[in-house]
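Below you'll find the structure I mean.
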Amino acid sequence: MPGGAPRRPARPWHRLARVAGLAMCLWTAGNVAVAQAIADARYGAPTTRYAHGVLGDAVEWGALEMRLADGRTVRLVLPETRVFEDIAPRLVDLDSDGAPEVIVVESDNRLGARLAVYGSGGMLAATPFIGRAYRWLAPIGAADLDGDGAVEIAFVDRPHLAKTLRIWRYRAGALAEVASLPGLTNHQIGWDFIAGGIRDCGQGPEMITADGDWRRVMATGFGAGRFASREIGAYAGPDSLRAALDCR
């Protein structure tokens with residue numbers, strides 16, 4: 001494998017329109033794919049063609065492989081100008097139909113990262129690319145953060161630079177940005193994991209991150225178009241964020 005062994009698989013995500021120019025190859029192990037629930041997903045086709053290394057090694061991924069409920073496999077292959085710059089695909093039921101979609105981080109060699117949502121037939125929706133190579137985003141999680149019945153996806157835009165929490169709502173097969181908040185982060189350069197996530201300790205979902213200086217553990221709620229962010233402890237390494245997810 002070029003560039004050495006791939007990074008280890010991530011833990012499950014904590015309780016945690018088609019885009020012009022996207023060229024992908026689609027095949028199934030068996031007959032042509034029809035609408036099927038996605039049972040599992042993983043990245044494949046390791047590659048060193050995107051020399052960023054923000055996740056601790058030179059290896060990214062060129063393909064998304066989805067195992068369907070009937071046992072078939074769908075493989076989506078990115079063009080040579082893009083990679084999945086990510087820990088692992090995340091399966092989340094974004095439209096509340098009982099079947100999950102797949103959330104990924106995808107990077108372009110000129111435009112940097114974006115968050116994208118895939119189904120078994122290909123891309124369903126995506127945020128804009130950040131706009132510059134080697135600029136990345138780190139997902140926090142997905143939940144109905146404000147109780148409106150739609151699922152929001154939260155991530156930190158450029159966790160080493162801009163350190164901005166962004167919330168995008170998934171509705172009717174599209175993503176729309178609804179809010180942003182600077183001064184929060186969830187990743188350090190070289191980590192092969194993303195810290196924090198989404199918890200619910202009985203008062204609704206909260207996003208767990210560090211503050212931008214890595215001194216405090218922060219819990220941030222979102223409702224009625226507003227953030228409510230508060231310090232819940234000192235940051236003392238990634239374990240302090242894991243403890244916060246467990247409501248400790």
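We number each residue from 1, following the sequence as shown. Only this structure's heavy atoms are used, side chains among them; waters, hydrogens and symmetry mates stay out.
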Quiz item: Atom OG1 of T209 and atom CD1 of I194: how far apart are they, to the nearest 0.5 Å?
Solution: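 Separation between the atoms: 13.0 Å.
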Quiz item: What is the minimum heavy-atom distance between A142 and I103, and which atoms define it?
Solution: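 Between these two residues, the closest heavy atoms are CB-CD1, 4.3 Å.
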Quiz item: Can you find a heavy atom in the side chain of L64 that is under 4.5 Å from one in the side chain of F84?
Solution: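 L64 reaches F84 side chain to side chain.
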Quiz item: Would you say the side-chain atoms of D239 pair up with the backbone N or O of A243, donor to acceptor, closer than 3.5 Å?
Solution: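 A pair under 3.5 Å: no.
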Self-check item: Sole residue of H52, E60, E106 in side chain to side chain contact (heavy atoms under 4.5 Å, CB included) with V83
Solution: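 Of the listed options, the one satisfying the test is E60.
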Quiz item: Counting N and O atoms only, with roles assigned by atom type, does the side chain of D70 sit under 3.5 Å from a partner on the main chain of Q36, one being a donor and the other an acceptor?
Solution: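 It does not hold such a pair.
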Exercise. Measure the shortest side-chain to side-chain distance between H187 and L55 over non-hydrogen atoms and say whether it is less than 4.5 angstrom.
Key: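 With C-beta onward as the side chain, the pair touches.
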Practice problem: Answer yes or no: is there a donor N or O on one side and an acceptor on the other, between the side chain of W136 and the main chain of E85, under 3.5 Å? | Solution: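 Such a contact is found between W136 side chain and E85 backbone.
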Quiz item: If we only count heavy atoms from C-beta on, is the E101 to D95 side-chain gap below 4.5 Å?
Solution: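 The answer is yes, as the side chains (C-beta and beyond) meet within the 4.5 Å cut-off.
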Self-check item: Interatomic distance, T47 atom OG1 to E80 atom CD [nearest 0.5 angstrom]
Solution: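 Going from OG1 on T47 over to CD on E80, the span is 6.5 Å.
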Self-check item: Nearest non-hydrogen partners of L68 and S120, listed with the distance
Solution: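 The answer is CD2-CB, 3.8 Å.
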Quiz prompt | Rounded distance [0.5 Å steps], CG in L175 versus CD1 in I167 | solution =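 It comes to 13.0 Å.
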Quiz prompt | Non-hydrogen atoms of G119 and L76 that approach each other most closely | solution =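 Closest approach of G119 to L76, heavy atoms only: O-CD1, 4.2 Å.
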Self-check item: Side-chain donor or acceptor of D93 paired with backbone N/O of G98 under 3.5 Å
Solution: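 Here the side-chain-to-backbone pair exists.
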Quiz item: Heavy atoms, side chains only, cut-off 4.5 Å: are D108 and R114 in contact?
Solution: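 Side chain of D108 against side chain of R114, heavy atoms only: no contact under 4.5 Å found.
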Quiz item: So how far is it from L137 CG to I130 CD1, rounded to the nearest 0.5 Å?
Solution: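 It is 5.0 Å, given to the nearest 0.5 Å.
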Exercise. Measure from the side-chain N and O atoms of S240 to the backbone N and O of Y235, and report whether any donor-acceptor pair falls under 3.5 Å.
Key: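 Checked: no pair found.
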Quiz item: Which value, rounded to the nearest 0.5 Å, describes the distance between I208 atom CD1 and I232 atom CD1?
Solution: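 Reported to 0.5 Å precision, the distance equals 4.0 Å.
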Quiz prompt | Side chain D211, main chain R216, donor-acceptor under 3.5 Å | solution =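 Yes, because the side chain of D211 sits within donor-acceptor range (under 3.5 Å) of the backbone of R216.
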Quiz prompt | Taking every non-hydrogen atom, the tightest pair across F227 and S180 | solution =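 Between these two residues, the closest heavy atoms are CE1-O, 3.4 Å.
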Quiz prompt | R132, CZ atom: more than 12 neighbouring heavy atoms under 6.0 Å | solution =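 Not more than 12 within 6.0 Å, no.
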Practice problem: Could you go through the side-chain contact (heavy atoms from CB on, under 4.5 Å) check for V104 and Y43 one step at a time? | Solution: CA-CA 10 Å; V104 301; Y43 294 128; 3.3 Å; yes
Self-check item: Contact check, side chains of P238 and W191, non-hydrogen atoms, under 4.5 Å
Solution: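 A side-chain contact under 4.5 Å exists here.
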Self-check item: Cation-pi, F155 ring and R90 (6.0 angstrom, 45 degrees)
Solution: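 Relative to the ring axis of F155, which defines the angle, R90 lies outside at least one limit.
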Self-check item: Flag, side chain of D146 to backbone of A224, donor-acceptor distance under 3.5 Å
Solution: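 A pair under 3.5 Å: no.
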Practice problem: Considering non-hydrogen atoms only, spot the tightest contact between R171 and A150 and give its length. | Solution: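 Where R171 meets A150 most closely, the heavy atoms are NH2-CB, 3.3 Å.
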Self-check item: Side-chain heavy atoms of L165 within contact of M218, under 4.5 Å
Solution: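 No - every pair of side-chain heavy atoms lies 4.5 Å or more apart.
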Quiz prompt | Side-chain donor or acceptor of R49 paired with backbone N/O of R82 under 3.5 Å | solution =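 Checking the backbone N and O of R82 against the side chain of R49, a donor-acceptor pair under 3.5 Å is found.
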Quiz prompt | Donor-acceptor pair, side chain of R199 and main chain of A244, under 3.5 angstrom | solution =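 A pair under 3.5 Å: yes.
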Quiz item: Measuring from L181:CG to T220:OG1, what's the distance to the nearest 0.5 Å?
Solution: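 Answer rounded to 0.5 Å: 6.0 Å.
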Practice problem: Under the side-chain contact (heavy atoms from CB on, under 4.5 Å) rule, what do T81 and R110 come out as? Steps first, then yes or no, please. | Solution: CA-CA 8 Å; T81 56; R110 293 185 303 106; over 6 Å; no
Quiz item: So do the side chains of D192 and D57 get within less than 4.5 Å of each other, counting heavy atoms only?
Solution: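 No, their side chains stay 4.5 Å or more apart.
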Quiz item: Which atoms form the tightest heavy-atom contact between A133 and N109, and what is the distance?
Solution: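 Minimum heavy-atom contact is CB-O, 3.4 Å.
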Self-check item: Check against side-chain contact (heavy atoms from CB on, under 4.5 Å), V92 and Y170
Solution: CA-CA 11 Å; V92 181; Y170 186 83; over 6 Å; no
Exercise. Check for a donor-acceptor pair, side chain of Y50 on one end and backbone N or O of Y134 on the other, with a separation under 3.5 Å.
Key: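 Yes, because the side chain of Y50 sits within donor-acceptor range (under 3.5 Å) of the backbone of Y134.
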Exercise. Step by step, work out the side-chain contact (heavy atoms from CB on, under 4.5 Å) result for W61 and R42.
Key: CA-CA 10 Å; W61 308 98; R42 66 179 184 179; over 6 Å; no
